[in-house]
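Report on one structure; see the data block that follows.
Quick caveat: nothing in here was measured; it's all calculated off a predicted structure. Position 1 is the first residue of the sequence, and the numbers go up from there.
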Amino acid sequence: MGSWGPGSFENDTAGEWLFRLEKTEGLAFVEKTLAAVNLDSEDELEAPQAEKALAACEVLAALLGSPSDDLPPEAETWAEDNAADPSGELIERAIAVIDRVLENSELRQQW
């Protein structure tokens, strides 16, 4: 796996995650990705899991009308085609996941 920058989609893991997302409809894949992050663990979150989780958070931001300037066109198209209204609970989970990545993750150590 390779990384070529600190952006949410500047790594192979997020690219592969996006490829899988494009084959889905609805929020189930995004929800599953975020649910896979153990928020209660004190162990360092591994980089691949953090990369997928941040990609999922970027897609949620796009669904909420705040896409990143660096959002890949494929993610933007998916968000437009799957115009879903994420629940407050999912948004809170995404924020907690971002906090987890920023506080204790291998990805944080790398960048």
Hey, any chance L60 and L102 share a hydrophobic cluster, counting ILVMFWY side chains that come within less than 4.5 Å of each other, even indirectly?
-> yes
Considering all heavy atoms, the nearest P48-T13 contact | O-CG2, 3.5 Å
Reported CD-to-CG distance for the pair E106 and L45, which is rounded to 0.5 angstrom | 8.5 Å
If you round to the nearest 0.5 Å, how far is CD of E51 from CD of E16?
-> 10.0 Å
CD of E58 to CG of L71: how many Å apart, nearest 0.5 Å?
-> 6.5 Å
Shortest non-hydrogen contact from S8 to N11?
-> O-ND2, 3.5 Å
Only pairs under 3.5 Å count here: list side-chain donor-acceptor contacts from residues 29-36, not counting sequence neighbours, and write none if there are none.
{"unit_1": "T33", "atom_1": "OG1", "unit_2": "W17", "atom_2": "NE1", "d": "2.8"}
{"unit_1": "T33", "atom_1": "OG1", "unit_2": "F29", "atom_2": "O", "d": "2.9"}

Decide yes or no for V37 and Q49: does some side-chain heavy atom of the first lie under 4.5 Å from some side-chain heavy atom of the second?
-> yes
For S41, enumerate each residue passing the side chain to side chain contact (heavy atoms under 4.5 Å, CB included) test, keeping only those at least two apart in sequence or located in another chain.
-> N38, D43, R100
L107-I98 co-clustered via ILVMFWY side chain contacts under 4.5 Å = yes
Just grab all the ring pair (Phe, Tyr, Trp, His ring centres under 6.0 Å) pairs involving residues 48-68, residues at least two apart or on different chains.
-> none
Return the minimal non-hydrogen interatomic distance between R93 and L39, and the atom names on each side.
-> NH1-CD1, 3.2 Å
Give a yes or no on whether L54 and I95 share a hydrophobic cluster (residues Ile, Leu, Val, Met, Phe, Trp, Tyr; joining criterion: side-chain heavy atoms under 4.5 Å apart).
-> no
Report, as yes or no, whether the 6.0 Å neighbourhood of atom CD on E46 holds more than 12 heavy atoms from other residues, nucleotides or ligands.
-> no
List the atom pairs, with distances to 0.1 Å, where a side-chain N or O of residues 76-88 and a protein N or O form a donor-acceptor pair under 3.5 Å, not counting sequence neighbours.
{"unit_1": "T77", "atom_1": "OG1", "unit_2": "P73", "atom_2": "O", "d": "3.0"}
{"unit_1": "W78", "atom_1": "NE1", "unit_2": "L21", "atom_2": "O", "d": "3.2"}
{"unit_1": "W78", "atom_1": "NE1", "unit_2": "T24", "atom_2": "O", "d": "3.0"}
{"unit_1": "N82", "atom_1": "OD1", "unit_2": "G26", "atom_2": "N", "d": "3.0"}
{"unit_1": "N82", "atom_1": "ND2", "unit_2": "W78", "atom_2": "O", "d": "3.0"}
{"unit_1": "S87", "atom_1": "OG", "unit_2": "L90", "atom_2": "N", "d": "3.0"}

Could you check if a side-chain atom of Q109 sits within less than 4.5 angstrom of a side-chain atom of E44, using non-hydrogen atoms only?
-> yes
